[in-house]
Amino acid sequence: MSNIVETQKLTKKDFESDQDVRWCPGCGDYSILANVQRVMPELGVPHENVVWISGIGCSSRFPYYMNTYGFHTIHGRAPAIAMGVKTANPELSVWVVTGDGDGLSIGGNHLMHALRRNIDIKILMFNNRIYGLTKGQYSPTSEFGKQTKSTPTGAPDYPVDPASFAIGCSATFVARAVDTDAKLLNDILLRAAKHDGTSFTEIYQNCVVFNDGAFDAFADKAQKDEHQLRVVHGQPLIFGAQKNKGLRIDARTLGLEVATIGEGGVTEKDILVHDETNSTLAYMLARMPFPQFPVAVGVLYSKARPTYDATVREQVAAAKAKTKPDLQKLLSSGNTWQV
Amino acid sequence: MAQQAQPATVGTAEGKVKTLRGAVVRFAGDSGDGMQVTGTQFTAATALAGNDLATFPDYPAEIRAPAGTTYGVSGFQINFSATDVFTPGDAPDVLVAMNPAALKTNIKDLKRGGLLIVNTGAFTQQNLKKAGYENNPLETDVVDGYNLLAIDITKNTLSAVKETGISTKEANRCKNFWTLGLMFWIYGRELESTIQWIESKFGKEPLVAQANVLALKGGWAYGETAEISHYRYEVPAAPVAKGTYRNIGGNQATALGIAAAAQLSGVEVVFGAYPITPASDILHDLSRFKAYGVTTVQMEDEIAAICVSIGAAYSGKLGITASSGPGIALKTEAMGLAIATELPLVIINVQRGGPSTGLPTKTEQADLLQAVYGRNGEAPLAVFAAASPGDCFYMTLEAVRLAVKYMTPVMLLTDGYLANGAEPWRVPNVADLPKIDVTFRTDPAGFHPFLRDPATLARPWAVPGTPGLLHRIGGIERDYNSGNISYDPDNHEKMSKTRAAKIAGMVRDVPDQKIEVGTDSGKLLVLGWGSTYGAIREAVQRSRDRGLDVSHAQVRYLNPFPKNLGDLLKRFERVLVPEMNLGQLVKILRSEYLVPAESFTKIKGLPFKIDEIEEKIRQVMES
């Protein structure tokens, strides 16, 4: 059976599990699931080597719907468990699904350390800026002052931006996508999958029940061109319905500013060109205030760095090359004496 | 057993060596005085001389407590004997006090008539004040009733190492080796093993090495010339089983057990840890065992440390984690996940004083109820306990063997006393160690992740990367017949009972409870668990020697209990349960077996003394 599976090209259908999908009708998670299932066969990874790990929350039900190995774990801890999976077996393609609450509240610590370690796992964070499964409390990405079930007079704390958090943690791959934009999501998933190291993809995901329309201002088809900036390595940072707006550096403030090509002598040459290996630029792109600036989507940052798992493997291999395990000898090590 | 022995006089005439059955020696000084090194080296030489022994260090939680203060005092006690030794001893026969603070904190323990060696060079006005002495205690009744050997060790050391020309500061650091040299002379130990150790330790600093060797020899020479030969003793070698021996501490034994488990099972270990006293040494030791199939992962916190081990177990490795007190509390939820998903996992709890931060460097047995019961939901966990430093090796192997056989987490309880205590250990023959059989499921026919072995109720170990076995597991209740998510009421009851039955069924692999000392019925059974083994055993033996009808059993399997335990308890008129907590095992015994077991507790961060248990036995037998 396994031989047949390996020689035939897998299809989207092969990645659909027999479990009923239980997200609310209209939830952004459906679109993400479909796109992931579509991309999986493109990766060329043997079917049995794909593992999906999740924590707790709406997004974390994801592994049940994937016909792969899956582990629905505990709140916030998926990156730590995924690290065990990858350390145990480097052949596996390990994916983590998390949400803004799971990944940045209860699991913020594990996310930070997975990112800095650069272990070869793929993290997808579904950011809906709300707690869905607990029925509508504010999350660490909810906007300041947001009125929710637990904050009837407005959220008193300031939100964290997932992408800039990841860059701050020395992540080696940071991207942003939108649940409904299949083309963008597919491109990014492929890039994320092929990145050797921890890839972090934030996906703006609409919660139809508790935070409907949270991203409409830039994700809606009518708004997208004017308010999204699709960043592409080596391409100028241009956006707008007329494709005539771009980003440039304001030398006086060392910050970004929006310039209109053709106005005030601005030409395309004045516009910054995206360099995805520049973490300073990536950070600025991730933190642009909306709506004065567009929302940057695409691969914000990507740079090669040795992975944690490869380093650990090398250390173990070096130890094995140096010492032939002899348990009797190990047990008898140190000062011994005969009676 | 021999630490209380009176000199069995062979020749009492001045100048002749007296033969002792055994002795208890305590070294105490400032944390910077090198007392742990002194103790360890004295131990090595004593082991080479063929004595049975047990040791225990007692050091402050602070890394470098202010010099000269009572809370900066570091101690090391060794009990060595010509007969079997089971504890580091109660009251020392010899106390070495390197400064006033060490005298102040330790003098009350020294046996009346015992030998008190003090470094007068450290009895300065400033040090006396720091220790809280108004007058020099060496000139008051503080030292009455002891054999005082007051030596200016500081001055003697400086003069012994003078020829090397090292600085006074460096020369001062050699005091501990001078003292060790003197102790070696008193007990007739060879200097050679320590000289070799010094030369390898300070290989890069030949002058320092030379100075320490000179100090060691200087201490010895002082003994030869100072007309103190009435303090010279001989402790003959103990009659022990033939074999190769080494000294071993509990954490060391646990780490070796883990490496051995990897070798014996042919399955590699992923050890997840977060540094915590007193468990960190397990991580340190294991980080050097990569060639033996052990990968250590130092995680960002205690939760991540157990989670990385769970992830590894899910992927077909031996997932092991170790911690203590607050760290174990943090791991609780993840233990529930491993129980729910029925993954093999070993959690080692090196217990320390609690609650909260408690007493990080002190020992306690107060995590038993937490181990057996302390999780949300009906979450049965197998719980074992090691009884001595060397036993940590065997119980670690046992924990791994049964975790993989029953596809379940197992918690192994040790404690600070076992972790840091040490004893000579007969190195086992690898061929005699238990086999650890591991089977991974590969056959897709009829597979589902919760298909159980009818005998053990273990589910199959089906790991990612295996063709044809794609499946999902998780913390949400699983259907008995498919492993899929299930909220069905009857299914939950069935699964809860199955999980309980699986752990209860491990009893078939648990050896019957044996009697350590005495008979399997009678007036009084003293029943302990964990590190109280040595003190109880010795106290019961002494009581029997005095004609009392008392026996001793030590429980190593705490969940499930050995199948004959209830029966055994009922064959005694009374049962006494000494524990370093406020009565936890006794609570479980009373609820499981409806026996009126009596509790005897101590919760001072220190192990029981033999005398304390012996006295309690006497009281119980008289009441």
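Proteins get letters first, then strands, A, B, ... in listed order; numbering begins at 1 in each.
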If the threshold is 4.0 Å, N to carboxylate O, is there a salt bridge linking Arg459(B) and Glu342(B)? no
Which of the residues Ala82(A), Ser54(A), Gly70(A) is involved in the greatest number of heavy-atom pairs with chain B at under 4.5 angstrom? Gly70(A)
Among Glu300(B), His471(B), Met299(B), the residue with the most heavy-atom pairs under 4.5 Å to chain A is Glu300(B)
Arg61(A), part contacting chain B, at a heavy-atom distance under 4.5 Å: side chain
Interface check, chain A: of Thr295(B), Val270(B), Ile303(B), most non-hydrogen pairs under 4.5 Å belong to Ile303(B)
Do we see a donor-acceptor contact under 3.5 Å between the side chains of Glu423(B) and Asn247(B)? no
Among Pro464(B), Gly272(B), Gly474(B), who wins on heavy-atom pairs under 4.5 Å with chain A? Pro464(B)
Max heavy-atom pairs within cutoff under 4.5 Å with chain A, candidates Ala260(B), Ala304(B), Gly243(B), goes to Gly243(B)
Part of Arg22(A) within contact of chain B (heavy atom distance under 4.5 Å): side chain
Name the member of Asn109(A), Thr73(A), Leu330(A), Ile53(A) that forms the most heavy-atom pairs with chain B at distances under 4.5 Å. Leu330(A)
Which bit of Ser333(A) comes within less than 4.5 Å of chain B, counting heavy atoms only: side chain, backbone, both or neither? both
Count the heavy-atom pairs under 4.5 Å between each of Thr466(B), Leu48(B), Thr341(B), Ile248(B) and chain A, then report the option with the highest count. Thr466(B)
Do you know which of Gly475(B), Ser315(B), Gly465(B) has the most heavy-atom pairs with chain A at a distance under 4.5 angstrom? Gly465(B)
Between chain B and each of Ser17(A), Ala78(A), Ala88(A), count heavy-atom pairs under 4.5 Å; write down the option with the most. Ala88(A)
For the ring pair Trp52(A) and Phe62(A), is the centre-to-centre distance below 6.0 Å? yes
Assert top hit (heavy-atom pairs under 4.5 Å, partner chain B, pool Ile74(A), Val51(A), Ile56(A)) equals Ile74(A)
Which label fits Tyr64(A) and His72(A): parallel for a plane angle under 30°, tilted from 30 to 60°, or perpendicular past 60°? perpendicular
Describe, in one word, how the ring planes of Trp425(B) and Phe393(B) are oriented to each other, choosing from parallel (under 30°), tilted (30 to 60°) and perpendicular (over 60°). perpendicular
Who wins among Gln315(A), His75(A), Arg117(A) for the most heavy-atom pairs under 4.5 Å with chain B? Arg117(A)
Mind running side-chain hydrogen bond (donor to acceptor under 3.5 Å, both in side chains) on Gln137(A) and Thr134(A) for me, showing each step along the way? CA-CA 7 Å; Gln137(A) 302 82 7; Thr134(A) 51; 2.5 Å; yes
Go through the atoms of Met112(A) and report whether side chain, backbone, both or neither lie under 4.5 Å from a heavy atom of chain B. neither
Side chain, backbone, both or neither of Thr68(A) within contact of chain B (heavy atoms, under 4.5 Å): backbone
With rounding to the nearest 0.5 angstrom, report the SG to CG distance, Cys169(A) to Leu111(A). 6.5 Å
With a 4.5 angstrom heavy-atom cut-off, which part of Leu327(A) approaches chain B: side chain, backbone, both or neither? both
In terms of heavy-atom pairs under 4.5 Å with chain B, which of Lys320(A), Glu91(A), Arg77(A), Gln328(A) leads? Gln328(A)
